[in-house]
Each structure stands twice: as C-alpha cells, then as structure tokens.
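Note on naming: letters A, B, ... go to the chains in the order of the sequence lines (proteins, then strands), and numbering restarts at 1 for each one.
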Amino acid sequence: MVKFDIEGAQNVEVSKRIPCEKSLVEQLEIMERYTETHKRFSKESISRREVECLKVLYPALFRSVEDSDLTAGRMDFLPIGFGCVTSVGGVGHYCVFGKLRAFQRDIAELGQEYYDRTEALYQYWVDHDLKTQYCREVLTETTIGRFIDVEYPLIATARLSGMMLDYPKLLDHGIGGLRTIITERLSKDEGNEFLMASLDCLDLFTTCADAVREKVLKQKEALGETNPKRAAQLTRMANDLLTIRKGKPEHFTEALQLFWLYALLAGVINYGRLDDFLGPYLAKDLDSGVLSEQDAYDLLKSLWQMIENRRTTVNGRIIVGGKGRKHPEEADRFLHIAMKVCKDCRFVEPQFTLRIDETTSEETWAEAMDALGVGATYPTIYNDEVNVPAVSFGMRVDEETAARYVPFGCTEFVLWGQSTGTPNICINLLKILNIYMNRGVDPMDGQYKLGPLKAKDLSSITSFDEFLEGYQEVLNYYMDLAGEAQYRSYEIMNEHVSFLFTSILMDDCIERGKALLDGGVRYLGGTCETYGNINASDSLWAIKHLVFDEHKYTLPQLEEAILADFNGYEHIRKDCLACDKYGNDLSTADDMANMLYEFVAKGIRDRGIRLGMQYFLIVISNNSLNTEWGLRTSASADGRHTGVYMNPANNPQGGADKNGPTAMLNSLAKFDAKYHGGSVQNIKFAKGMFNQNKPLIEGMFKTYFRKGGCHIMVTVVDKGALEDAMIHPENYPDLIVRVAGYSAVFVNLDKTVQKELLSRHLYGGEA
Amino acid sequence: MSSLPVFNIERFAIHDGPGIRTAVFLQGCGLSCRWCANPESQKIGPHLMFLSQKCIGCGQCAAVCPNGVPVIKEGKAQFDRARCVNCGTCVEGCLGDALKISGKAMEPEEIFDTVIRDKDYYDSSQGGVTLSGGEALLHINELIPFIHLCREHQIPIATETCGYVSESIMKTALDYIDLFLFDLKSMNPERFRENTGGDLSVVLRSFQLVAEHYPERIIVRIPVIPEFNHSMEDIKAILSFACSQGVKRADLLPYHTLGMTKYRQLGIPYPYPVETGLKEDDLLPYLKIGEELGMTLRIGG
C-alpha cells in the first residue's frame, strides 16, 4: 500500500480561521458523540447513519449571533465531523488529522485523560475517514499523489466541491412543502432509506431554526433597553426564523434567512444566482415599502460579512446577471444593490461574479467598472455569449440548460441544481513534459514516473511530430489515470455518504429516490484542473523552433542544458527565452498553446464520456497551485528555471507578454471555450491608468468578449502594489501601467523607469 | 516597395489620438529638441542601446564583437561608441538581456500585419493608427502603400508631427492623414531655434497649410517644458495663434523625464538641464486660456 502523510495540509488555506466558540472539552465531547454515533449506525444504511451523525453536529455547532448580523446563522466546525469540502471541515464523515493533532496538543494541557481520549478518536478515524480511504485505494508510489503533494505530476482527492443548490425549489415550497413532496414520493417507495433520512434532515432544519431563534432572542434579552433599533432587528430575525422553520417565505428577509440556514446545513460554500432567486422577494418588499433601499443594502452587506467570515478562501460565489434568469427585472434590482455592496466591502469573499451578454445595460457595466476601479477585484466577469453555447457543447445539454451554468471555486462551471462538477484531479502538464524528456525520470527527485510506459530515447527522435507523439502518449497515460481517479472518487463517496441536504435540492434525487452520487443527480459531471499549460506549450514551441526548424541544437543538447538548470548553458537559455511566447498575439506560440489545450481538453472530455459521466472537462483556474507546483517542477525548455512559478491561469508566463493588453487578450481569446469547463483570464492595471481610461478599457473588454473571450478577472492596484511588484515581479506578471504616452507591463520595464513611475505616482501622477 | 525605419510599434496606444490605437514610431527628425524623449528616433539607422543595470559582466559581447567595441571594466561592459557600427552582433551574445538594437527597416506589409491585429479594438473605440516618431511625415511617400492598406480596411490614420517638413510633404500629407496631432512648442523664433535647432517659420507654414484646408483635423499639442515655454505668456501665444487659424482643440503635455534612461542606454548625456517632470496639476492654470479663446483644452492627451 502506498504511503502518504495523512496529517498533511489538505487544501490551500489562505484566510485565517475564526476560532471555535466552544471550549476544548465541549468540542471533544461533540467529536466523541459523533464518533460513537458513526460506530453505532455502521450497520444501518448510509443515509440513516449520516442523518444521525448530523444530529450530533447540529444545532450544537451553531455560534452566537454577532452584533452586525441581520440574518442569523454562524457555524463552527471541528476536526471530526461531516461535510462536502475541505474548506469547511472535511469530506463526508471526516477527520482532519493534522488539525486533530493540533487539537490534541492544546487539550493535553488539561490532563493526560484528554490526550488519550483524543488519541482514541484519531485511531478510529485512521480507518474511517473518507478521504483517507480514497487515498489508500487510489494513490500510487510515483504517479498519483494526494492533495496537495507537489512531487507528483497528478494529484487526486475525494470531495464534493461547488454544489449550487436549487434554491428556488426551497423558496417556492419551504421546508414544509419539501416535506410534502418527499412524503408523497416515499408513499410510492416505502422503506426508501434515502427518502426517510431526507425527511429527518428537514426536521433537523426545523430544530436548527428553533435553536438559532433561541440565540437571537438571547441576544435581544442581553440588549435590554439599550438599543431599540437593534432590538427591532432581532425581533424581526426571530420572527423570520419562526416563519421559515416550516413555512414558505413571503418577504425578502425570510427568503434570505431560509436560503442561508439551508446552505450552512448543507455545507455548501458557493451560493449561486442570488439575484434571480431573491430578486422577486426584494422587489416586492421595496415596492410595498416593507424595505427601503438602505435596508436592502444593509441586509446584503451583512450577508457579505457572514460569507467573508466563513473564510472559504476561493469559494463564496454569488452570481448576478446573464442569460436564463426567470425574473430579470427583479434580479437587476438585487444586482444594482449588490454592486454597491461589492464596491464598498472589497472582501476576498464573496467572489462576486457578473455574467454579461449583449443585453447587459450600460448602467451595469458602469457599476462594474466603478467597483473594479476602486480595487474591489470584483465583479469577475463571464461572457454568456460565449459560455452558454460552449457549456451546451461541453456538457452535452441544450442551451436552455446550459444557461444554468455557474462558476464556482476558482472558476469551474456547474449547472445549478442539476450537476456535480467537483475538480478532484489536478494535472501538471509541464512536469509531465520534463519527465518525458528525461527518459521518464523526474529531474526533481530521480523517480521514474511513467508507470508501465517505456521511456523514449531523445537521441533517436528525428522530427517534431515524433517528439510530440511521444509526449502525447505520456499525456494519454496520465489522462487515463485522471478519468479513473475522478470516477472512483464518486464511487467511494457514494459507498459512505448520501450528502442528504445537498441531494434534497438537486434534480432528480427526490424524484428518483436516490442520493446524489447513487444515481440521483441528473448530470454527473466533473472537472480536472490543468497547470503549467502555457509553460509546456511555450517549451514545445522552443523545441520545435530551435531543434527541428533552425537545427541550432539537438534534443540531447537542449535536454543537457535543461537538466543543468541552464547553469553553464546560459546562451541556450537565452535562445529558449527568445523564442516566441504565448500571449503576444503571435500565431507561432499561440497555435502551439491551442494545439496542446485542445489535445488535453478533448482527451479529458472523451475519457469522461467513456467512463459514463455526463461531462469531465478541464479547467484552467486561478489559485496559488501554479506557484507551489512550480517549486517542485524542474527547468523547462521555455527558459524557465527549476523551482520558478508556472504560468497563472490561462495567462502567459510572467514577463513573457510584451505586446500590450490587446495582444494578450487576442491570444487569450483564441482557445475555443467549448472544450473547457472554465478558464480564468487575468488582467491587471495600476489604479490611475484604469480610472483615467475607463471608457477605453471598458470598450477593450467588450471587444475582447465579442472576439470570443469567455472571462476576465480585472485587478486594479495602487502604489503599494507597484512597490511590491518591484520586489516580487512573479506576482504581477500582467500589471499594466501607463508610461508617458503608452502603456506597458510594469514588471517588463527597467528598474529606472519603474522607480520613475513610482515617484510620479507619489505626487498623484499617472501610474 | 520602400522600407520604413521603424524603432517601435506600440499597440494599445491610448494617448496618441482618439480611441485605442497602434502607434508606429519612425526614425528621422529635422529638429533636435533638447528634451526629446525618444533620442533613438533622431537619426535613421540601427542604434545600440545598453542598459548597464542588466549587464552581468559575462564578457560575451566583447568575445563576439568584430570591432573590439565592448570591454569589461569593474564587472560591467563599456562601449567605445566611436568604433561601434551598430551591427548588433553583441546583442546576440548578451546573456543579461542588457543590449538591444533600436531601429529596423520594415516593409509596409510587415507593419500592417501587426496593425491589423487590433482592427476590432479600433472599430469599437473610434481608434486607428498613429504615425509617430521622430517625424513620420518625412517618410510620407514611403508611407503611402501602408496608408493604402489601412484605408482598404477602414483604419483611420493620425500623425504626431512637429511640422518641420517641406511644403510639398505637407501637401501630400493632406491627402492621407485624417488627424494631425500637431506640436506647437513656442511662438518665439529665437528660443525655438536655440532649443530645437529649427526654423519656426517652417513649422508655422506647415500648420497654416493644414489649417487652411482642414482646421478640424488638427489637435494642437503643446509639450509644456520648464524654462522654455512654461509661462502664461508662451502658452497664450501658441493657443492664440492656433485659434486664429480656426483650430479649436489643444492638449497640454506636462514635461516628463522618462526619456533619460534612453540617453543613458545610448551613451549620450541628457541635453536638457531640468531633471524633474511637471505634474498635471502644474498645468491647471493654463486651462482658463482655453476658456477665454473658446478652445477645447485638455491636460494630457
């Protein structure tokens, strides 16, 4: 059996957590009850066991209401518990061993007894943590590593990221209405454990609503007569909870409360098209005078705050705008208020997402540009004119269904209420290229990482096509591994859990009487994150150009230089760097990038379909894994040194694009979006540059979108960032500033000009 | 077809005329303004530019140079410019990316291949191409094939000109240029000659020639230079002249020193004694002149 570190970090935690409200002993007792319940129900159905375990966690884990909360419901999570994703707790019945060890160290100070009790939990979960069971089965010594072990070319995990639930169904029926639907369904399928457990979940919801209401009333009681305004808010919140414990919401605050509490219990961390879901309630209350614009603003701001406080790092998606909304007018009223909140809050989360199309109003564009101009980094903008038809092809659904696409996490698309899309595989295309070129051995650690494949001898290769075929053969092998590991993650999760709260609000779980991964979900989809795409394609171009077109070096000569990290071969590195690079609107390097993109995207997609998934699509996403994986990826033929970050998202390698933003956008727009399930395109501007030229920049974005651009993430930074960019240019590969009469990528300018720009900025100039 | 001496093609130029543009910078200029921000543009031909801070002292340039121009002293290359023929051999050898050759003969089609790539951005922003320099109009006859290519694709042509060209050139330009970003630096002939080496009457004749036919095609550009024209009197004189010719639009461009690096790279001293740029705010008092004259006056461009 493969060895792996079960205590290792499971995901990238950027944000600092808010500490648990419970004492250590209380936490331990909950975890013990949870573990005991898990044991006790091990012979029962997985649905029964799940709901019984949930009853241990909830409402126990609800936190007190904060002074600023206008909707109730905050939650803690423990090292042991139940969840969907690593960002809030863990996956299925989980134990996060590293955190449990830390907990053990803390509680040991209270006495050996506590240490031992924690140790007993640890030992139980070594055999029962869902993800560990997945890892034991799927990981290999040299080819498939755990999340996030950057020694491997491919990493795999079991999780259920990015679920976006059918909230309209929840809001239209209320808990009581859902109960009726499930009960009716159960009458035709008596003894269906999944449906029975689902009913228990709804009861649990009611219990939690009551418990949270108690917390609200407690806060009101503590307030006394001191703050009548807050007392009124708390009274309203308590009444809302009373309404939605079983009933349907009538008002905006009730709808918001119902949605929020359900999302917490389901453990989902992306929220979906709230404009369309909540807009009608908002519009009705605004029109009738129940709410003022200011009230609505305050409510959304409080929601923003609560989402921020969950600290789910790269999730928290709220999506507004775009095609396929049922209530566009009402939704737009929500959208406009949300834009203001986004501009004022400038939080990392929620990841506020704007879908645009040809009908998006100038007002909406102006609001978006304003929020971006103050440095909010949101909204991040998705182009429905491209994405809806692309999703229709990629996910094999009609365009009406495709209009349900919503980006979650780092950018992955999912169909709200209808599909799974969790990215359980990440693959490093550059590391694979380097391994292939070094006869199957990873230059980073000397391990042979081609599994059963036979390594190719570079000196025997006589054409670029032959070289490429060899690389593609290795990619095929890894793509096979990717498809199987993704599919197996669903099977293993389904062997242990039903994800009941999620299943209740996903088509067609109730109708079929089946849990999400047990045949319940209408579209079983998945995604595969790819990294180092552009470094790999730029490397391929350099190899083609220098070895096979110009005959300047032989393949072994080039490989010798790369293996030496170009030490003593600086002239070869210079030639590698001088080759055309993606991102400059040059057909040479761009075509190579597109060829590699299509090969991998189609390869992954075809494998997903063969395995029986509705879709399995690559995503080219935006997080820090390109940097971390780069640390353990050897030097490459694009001139990149060992250990250097790899290209971010679908952008060029830092410093490689030298022809300005239109050229970069032209390169970005060349990939056909129908083969991927989300691809992030970054562009950065210095504040003055952006704000002084908003109409032109907005026009540029619109043109880029018309040319086929699927997305843009705009970052507008201030002087501090420019200073930081001089020290850490790798973090700002695409920051655009105005220099005299032209614009340039800041990190490509020489230091003297950078300093000059900074000094100008100091006195309010143009940078 | 004749080639053109290009020293830069700048895409997403948003300060050289309306909309999103591509600026094509050509070498050669009859003036030699002491504050010129593009010293590599003044003479036609390749120029070796050396950025000392990037030099790693590897000595590759010295090893490959056929004329023994570079020598390594104290870990950095030094260049005996008098012997340098700007052949660019050293650029090939340089491992620190410290050397480049500025100035390259390009065919019109080659320039157009780059220009056409942003056609969609021009269309959506009322942008186009700006011929800049140097003094691009010196090459008007060689530019005609390029301009024809642009016209076939409905790409408007602007030029940044100092007006220091012959009458016949300006007459030809009238047929090909849609917008003149016309530099007027001073109305004082002596000071103009002292600081630019040129004859102001030539500039004014060119200006009048365009204004006589197409005053609406001119936007005056005044580089506001300390110790040269940074005064109410000077700016008013220039604007009054423009106004008298029926020109209604002008931009004030604050003096900047971003070109100083280029002088260092060319190994020549910076000729202007003022080493601090102006702020946009410094020019605010001039705006009232525009109001008085009924002109549209902007700071920046």
Side-chain angles (χ1 to χ4, degrees), chain A residues 566 569-575 577-578 584-587 655 658-667 669 688-689 692-693 695-708 736 738-745 748-757 759-760 762-766, chain B residues 8-23 25 37-38 51-54 56 58 60 92-98 114 117-127 130 132 160 181 221 253-254 256-262 264-265 276-282 300-301:
Chain A
F566 300 105
Y569 302 88
E570 286 79 8
H571 57 291
I572 296 186
R573 177 165 186 258
K574 181 182 162 76
D575 285 334
L577 286 172
N584 292 292
D585 199 8
L586 302 169
S587 56
K658 296 177 193 292
N659 286 349
T662 51
M664 188 184 78
L665 292 176
N666 283 351
S667 288
M689 162 79 185
Q692 287 164 26
N693 299 288
L696 281 182
I697 292 172
E698 182 184 319
M700 178 170 74
F701 293 161
K702 286 178 177 168
T703 306
Y704 156 71
F705 284 140
R706 272 197 292 277
K707 288 168 78 84
I736 296 162
R738 178 184 168 192
V739 188
Y742 60 96
S743 308
V745 174
N748 291 346
L749 295 168
D750 73 61
K751 289 262 189 246
T752 338
V753 177
Q754 288 180 345
K755 281 180 193 155
E756 165 75 30
L757 284 171
S759 68
R760 275 205 286 166
L762 270 176
Y763 50 76
E766 297 156 324
Chain B
N8 195 9
I9 298 178
E10 190 66 48
R11 293 168 68 172
F12 192 63
I14 54 174
H15 302 283
D16 300 309
I20 294 172
R21 313 188 72 87
T22 296
F25 293 85
N38 291 327
L51 191 59
S52 174
Q53 74 196 48
K54 283 195 169 180
I56 56 172
C58 66
Q60 286 293 316
E92 305 280 317
C94 177
L95 295 179
D97 203 19
T114 299
R117 288 180 169 267
D118 283 349
K119 158 86 173 140
D120 296 327
Y121 297 97
Y122 312 147
D123 287 352
S124 65
S125 67
Q126 284 81 52
T130 299
S132 187
E160 283 185 299
L181 304 168
R221 300 195 124 192
L253 309 178
H256 68 78
T257 55
L258 289 164
M260 282 170 68
T261 311
K262 292 183 176 179
R264 277 197 293 277
Q265 286 175 285
T276 312
L278 292 178
K279 294 176 274 186
E280 295 200 348
D281 288 356
D282 294 335

Just so I understand: if I count every heavy-atom pair under 4.5 Å between each of A/K702, A/M700, A/R706, A/E570 and chain B, which residue has the most?
A/M700

Decide whether A/K658 and A/N584 meet the rule of one side-chain donor and one side-chain acceptor closer than 3.5 Å.
no

Pair count under 4.5 Å, heavy atoms only, with chain A: among B/S132, B/C94, B/G259, B/G127, highest is B/C94

Using non-hydrogen atoms only, which part of B/L51 is less than 4.5 Å away from chain A: side chain, backbone, both, or neither?
side chain

Return the set of residues passing side-chain contact (heavy atoms from CB on, under 4.5 Å) with A/D575 (not counting sequence neighbours), or none when no residue passes.
A/L546, A/K552, A/Y553

Chain B: which of A/T662, A/N659, A/I697, A/T703 shares the most heavy-atom pairs with it under 4.5 Å?
A/T662

Do B/Y122 and B/T22 pair up side chain to side chain, a donor and an acceptor below 3.5 Å, judged on atom types alone?
yes

Inspect the contact between B/R11 and B/D118 and indicate whether a charged nitrogen and a carboxylate oxygen are less than 4.0 angstrom apart.
yes

Does A/R573 have any salt bridge (Lys or Arg N to Asp or Glu O under 4.0 Å) partners at least two apart in sequence or in another chain, and if so, which?
none

Side chain, backbone, both or neither of B/E92 within contact of chain A (heavy atoms, under 4.5 Å):
backbone

Just so I understand: if I count every heavy-atom pair under 4.5 Å between each of A/A578, A/G699, A/A663 and chain B, which residue has the most?
A/A663

